[in-house]
Structures are given as C-alpha cells and as structure tokens.
Amino acid sequence: MKRRFYPSNKKSNLEKFNHMINNSNNQGINLEPLVNFNDENTSKIYQSWVNRFSDNWSNAIANINANNALGQYSEFVLNRLSYAECAFLAGDSIINNAITKYENEIFRRGGNIIINNIDNTIEAEAIKEKLEQKIKELDLYSILGEAVRTALTFGGALIFIDINADDLSEPLYDKAKILSQNKINGLRVIPPYLCGASEVETANPLNADFMKPKKWYISGNAGVIDSSRVIPLTIFEAPSLIKPLFNFFGISLTQFMKNYVASADIARQSLSDMLLRFRSEIIKSDLIKINPSEAISRAKAINKQKNNNALMLLTKDEEYIQSITPLSGLDKLIAQLQENVAVSARMPSVKLLGLTPSGFNATGDFDLASYYDEIMSLQNSKIKPVIEKILDLLVKSFGWDNVLISYEFNILEKSSNLDKAQSKNLEMDYITKAIQNGILTSEQAFNYLKEKGLINDSFSYDDEAEQFNE
C-alpha cells in the first residue's frame with residue numbers, strides 16, 4: 001500500500017489564506033490619492049479604481065509563505081510621492097539643478113515657425129510677423145518654461161487656453177470664424193495638485209480617449225472644464241495601469257531622483273564625518289579605573305598640547321597608540337554615487353554636477369551628444385505638439401483657416417571649428433574628384449560650393465580674363 005504525503009495541512013493553509021485576505025489592505029501599496037478631490041464625481045472614479053486593483057496589486061495567495069511577496073515588490077518599486085513631497089524635493093540643489101537644466105536646454109536655441117499657405121492668398125511673412133508679435137504679448141516661451149518645470153516637478157501640467165467663454169464645460173470650437181470673435185487672452189499653467197480628472201474612459205482600450213480625461217475639475221471657482229480648453233503636458237509617461245494613481249499625468253523627475261540623491265547625500269555627510277575622525281589617539285592606562293576625574297582632566301590637558309611643537313609626557317605604565325582610518329577608494333565610491341544621480345536625471349555628470357570626465361583622452365563629447373539627442377527627442381515628441389497647437393489656434397483667431405503651421409527647434413549641438421574644417425575638406429575633396437572624373441564642370445562646382453557657403457559670395461572669377469606670364 002502506497003503512502004500519501006501531504007505538503008501541508010488544509011486547515012492551516014485556509015487559516016493562512018484568511019489571515020492574508022483580512023490583512024491585505026495593510027500589506028498592499030499605498031492607494032491614497034495624492035490630493036483630496038473637492039468634486040464628488042472625481043472621488044467616485046478614483047475610489048472605483050482603488051477597489052478594482054487593491055486585490056490585484058497585493059496578491060494574497062502569492063504572499064503566503066513568500067519572503068519576497070508581490071505586495072512588497074509593488075510597494076518598493078512604485079513608492080509614489082505625494083505632491084507635497086515633490087515640492088519639497090524640488091528645493092534640493094541637485095534636483096533643482098536638473099529641472100532647471102532641462103527647462104533651459106529645451107528652449108536654449110529657440111526654433112523657427114514654418115508656414116504653409118494652402119490657398120496662397122496671404123503672404124507667409126505677414127502671418128509670421130503677426131504670430132511673433134502675438135507670441136510676445138502672450139509671453140509664450142515663459143509659459144512653456146513654467147509648464148515644463150511644473151511637469152518635471154509634479155509629473156504633469158495643464159496649459160489653460162484663456163478665451164472668453166460663458167461655459168467652460170463646453171468644447172472649444174477651433175474654427176477661424178468663431179475664434180476670430182473670441183481672442184486668446186492668455187495662457188495659464190495649472191499644476192496637477194489643483195486639478196483632477198472628472199470624466200475619463202477607463203474600461204475600453206479601443207476608445208481613442210482611453211485613459212485621457214474628457215473633463216477636468218479645476219479647484220476654486222472654475223469647476224469642470226472641457227479637455228479641449230487645456231493642453232496637457234507630460235514629460236515622462238506613466239503606464240496606463242497606474243495612471244489613475246498619478247492623476248492621469250506622468251511620473252515626475254523628482255520621483256526618479258529621490259533615492260539616488262538621498263544615497264549620495266548620505267555618503268557625502270558620512271565622508272565629512274569620517275574626515276573629522278579619521279585619526280584616533282589612544283592612551284592605554286589604568287588611571288580611568290583608579291581615578292576617573294583625574295583621567296578626564298589629564299585627557300583635556302593632552303588635547304590642549306596637540307600640535308607639532310608640543311611634547312606629550314606619559315608615565316611608565318601608559319602606552320600611546322595612534323589609529324588612522326584609510327581613506328583610499330572613497331573618492332571612487334562618492335564619484336560612483338554621483339554618477340548614479342546623473343543617470344537617474346538622464347543627464348551626463350558634466351552637465352548636472354560640473355564634473356570633468358576622468359581617464360585617458362576623456363572629453364565627454366559622446367555623453368553630451370547623447371544628452372542633446374535626448375533633449376531633441378523630448379522637444380519633438382512633447383513640446384513641439386504643444387507649440388503647434390497654440391500657434392494653430394492663434395492663426396485661426398486671426399481669421400485664417402487654410403494655413404498649416406509647424407515648428408522646428410534649432411539644433412542644440414554646435415560644431416567646433418575643427419569639425420567644420422574637416423567637413424569642408426571632405427566636401428572639397430569630393431568636388432575635386434568629381435571635376436577630375438568629368439562629372440562636374442568647374443563652373444558647376446563653383447556654383448555648388450557657393451550655395452553650400454564654402455566659398456565667399458564676394459568671390460568671383462572671369463572666364464575671359466587674360467592669361468599673362470611672369
């Protein structure tokens with residue numbers, strides 16, 4: 001007869017399961033909202049998401065007999081910051097430097113407005129001139145800089161389009177005939193702690209507005225406004241599963257940098273403390289047992305004599321020992337922690353911390369080139385659509401419907417004189433070989449080099465000039 005072995009008692013497993021279910025709320029991640037909503041409908045939507053995912057994020061069955069529970073992983077990985085914590089962390093010197101660097105780099109070189117007039121009834125220069133004047137009146141680039149700064153600090157921002165309207169809950173009609181009667185008065189940046197999603201599609205992923213709020217509730221007297229009246233800006237997107245926990249915005253740069261900056265700051269403070277106590281002087285003596293007060297007085301007297309010209313007198317039964325803590329390798333450890341901070345900020349250390357690259361033939365050019373590529377991708381994917389949306393509304397407010405507006409950022413990275421000279425030499429070699437092989441004539445090559453700016457416009461030659469000998 002075969003014996004059957006049971007891995008555990010059914011009753012004990014049931015008791016463990018019930019215990020985990022009863023305490024699942026205490027072991028799951030923090031699902032409290034980042035801000036208290038004043039709107040009842042918004043609170044209901046948020047609570048429905050909490051009820052839907054509270055059991056899924058803290059898997060009670062997987063937590064049984066598991067030292068590395070899924071709930072613990074979720075709590076550790078997410079570690080969501082409140083908006084108050086984000087605001088306090090933005091005051092840290094390193095985090096504030098990273099946020100400021102992003103804002104400055106995005107708008108440092110500016111850009112160009114490109115106008116495509118479809119019906120050719122209006123001159124592009126006239127449209128561009130009027131647009132640039134209106135941009136100055138609205139102080140557009142300052143508003144965009146504030147929006148980027150807010151999005152990096154809190155995870156997102158709303159840019160409110162201030163147009164005369166009786167009911168902000170109604171959609172904004174972006175037709176020239178309507179916008180020409182209601183001019184754009186200004187742009188306002190709304191931080192995420194002063195707004196909340198009031199109406200949003202969270203069930204059907206096939207919907208075009210999935211996880212994109214149709215209505216927003218703005219604190220104060222504004223109430224509910226339609227999503228067409230605001231332009232959301234998010235720099236670092238959050239996964240759709242946890243978007244409701246982040247108020248349907250993204251993840252802030254302060255969230256990414258918090259732990260790395262804290263570790264680097266602890267290491268910095270520990271190094272400062274170690275430098276104060278890296279040398280310890282020890283005197284072996286029985287005096288502390290015999291007469292403690294006299295031993296303390298003797299220690300104070302010895303401390304007063306501590307300099308290079310002093311003489312320390314010891315009795316026959318005393319022994320002097322000096323202990324020095326080695327500091328070698330600590331500089332590399334601190335540098336590694338600082339590099340981790342730069343990695344969390346998605347920025348090279350030479351840009352964030354001002355640290356020059358170390359090592360043979362290290363210039364940091366590759367890191368800067370990679371960083372500029374990152375900034376340009378953010379410009380094109382996040383900032384450019386916002387600018388083009390605002391410019392399109394401005395053109396339609398002038399009464400022009402058949403005008404296509406686009407915006408192109410200027411290249412951030414400047415070429416050095418050496419790079420320019422090498423590029424010119426390669427171009428000249430190419431043209432010379434083309435002339436030698438009969439592909440181009442001298443005149444065609446001259447015109448080509450002139451168009452490329454490799455030859456000064458004031459330079460010219462005459463085919464019929466006389467040939468004279470010395």
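With a 6.0 Å radius and a threshold of 12 heavy atoms from other residues, nucleotides or ligands, Glu137 has its CD atom above the threshold. Few gaps surround CZ on Phe160; more than 12 heavy atoms of other groups in view lie less than 6.0 Å from it. Other residues, nucleotides and ligands contribute over 12 non-hydrogen atoms within 6.0 Å of the NZ atom of Lys134.
Between Lys243 and Phe210 the shortest side-chain heavy-atom distance does not fall below 4.5 Å. In this structure, Phe409 and Arg109 have side chains that are not in contact, with every pair of non-hydrogen atoms separated by 4.5 Å or more. Taking 4.5 Å as the limit, every side-chain heavy atom of Ser252 sits out of range of all side-chain heavy atoms of Thr153. Considering only heavy atoms from C-beta on, Ile218 comes within 4.5 Å of Ile190 through its side chain. Looking at heavy atoms from C-beta onward, Asn97 lies out of side-chain contact with Leu353 at the 4.5 angstrom threshold. A heavy-atom distance below 4.5 Å is found between the side chains of Ile405 and Ile113. Looking at heavy atoms from C-beta onward, Val261 lies out of side-chain contact with Leu89 at the 4.5 angstrom threshold. Side-chain contact check for Ile375 versus Arg108: every heavy-atom pair is 4.5 Å or farther apart.
For the atom pair CG (Leu152) and CG (Leu378), the distance works out to 8.5 Å, reported to the nearest 0.5 Å. Residue Leu253 holds its CG atom at 5.0 Å from CZ of Phe236, rounded to the nearest 0.5 Å. Taken to the nearest 0.5 Å, the CZ atom of Arg188 stands 14.5 Å off from the CG atom of Leu158. In this structure, CD1 in Ile387 is found 11.5 Å from CG in Leu394, a value given to the nearest 0.5 Å. The OG atom of Ser349 sits 5.5 Å away from the CD atom of Glu339 when rounded to the nearest 0.5 Å. With rounding to the nearest 0.5 Å, the separation of CG in Asn112 from CD1 in Ile114 is 7.0 Å.
Among residues two or more places apart in sequence or in another chain, the salt bridge (charged side-chain N to carboxylate O under 4.0 Å, His left out) test is passed with Glu374 by none. Shown here are the salt bridge (charged side-chain N to carboxylate O under 4.0 Å, His left out) partners of Arg229, two or more places apart in sequence or in another chain: there are none.
At distances below 3.5 Å, at least one donor-acceptor pair connects side-chain atoms of Lys215 with backbone N or O atoms of Ser169. A donor-acceptor pair under 3.5 Å is formed between the side chain of Ser228 and the backbone N or O of Leu172. Side chain of Gln255 to backbone of Leu81: a donor-acceptor contact under 3.5 angstrom is found. No side-chain donor-acceptor contact under 3.5 Å links Tyr260 to the backbone of Ala345. No donor-acceptor pair under 3.5 Å is formed between the side chain of Thr234 and the backbone N or O of Glu237.
Of all heavy-atom pairs between Ser82 and Glu85, the closest is N-OE1, 2.9 Å. Residue Tyr407 comes nearest to Glu388 through the heavy atom pair N-OE2, 3.1 Å, listed as atom of the first residue, atom of the second, then distance. For Pro239 against Ile251, the heavy-atom pair with the smallest separation is CD-CD1, 4.5 Å. Considering all non-hydrogen atoms of both residues, Leu337 and Ala267 come closest at CD1-CB, 3.2 Å. The minimum heavy-atom distance linking Asn247 with Pro192 is given by the pair ND2-O, 3.1 Å. Residues Ala197 and Phe248 share a closest heavy-atom pair of CB-CD1, 3.5 Å.
A centroid separation of 6.0 Å or more is found between the aromatic rings of Phe154 and Phe249.
A salt bridge links Asp265 with Arg268: the distance from a Lys NZ or Arg NE/NH1/NH2 to an Asp or Glu carboxylate oxygen falls below 4.0 Å. The residues Asp226 and Lys214 are annotated as not salt-bridged, no charged nitrogen and carboxylate oxygen being separated by less than 4.0 angstrom.
For residues 142-151, every residue pair satisfying the side chain to side chain donor-acceptor pair (under 3.5 Å) rule, not counting sequence neighbours, is listed here: Glu103-Arg149, Asp139-Ser142.
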query: What's the verdict on side chain to side chain contact (heavy atoms under 4.5 Å, CB included) for Thr254 and Ile99, showing C-alpha distance, side-chain angles and the deciding distance?
result: CA-CA 9 Å; Thr254 54; Ile99 293 173; 4.2 Å; yes
Residue pair Lys382, Ile106: steps toward the side chain to side chain contact (heavy atoms under 4.5 Å, CB included) verdict: CA-CA 11 Å; Lys382 303 296 182 181; Ile106 287 175; over 6 Å; no
- Kindly determine whether Asn340 and Gln336 satisfy side chain to side chain contact (heavy atoms under 4.5 Å, CB included), including the steps that lead there. CA-CA 6 Å; Asn340 290 340; Gln336 183 63 49; 3.5 Å; yes
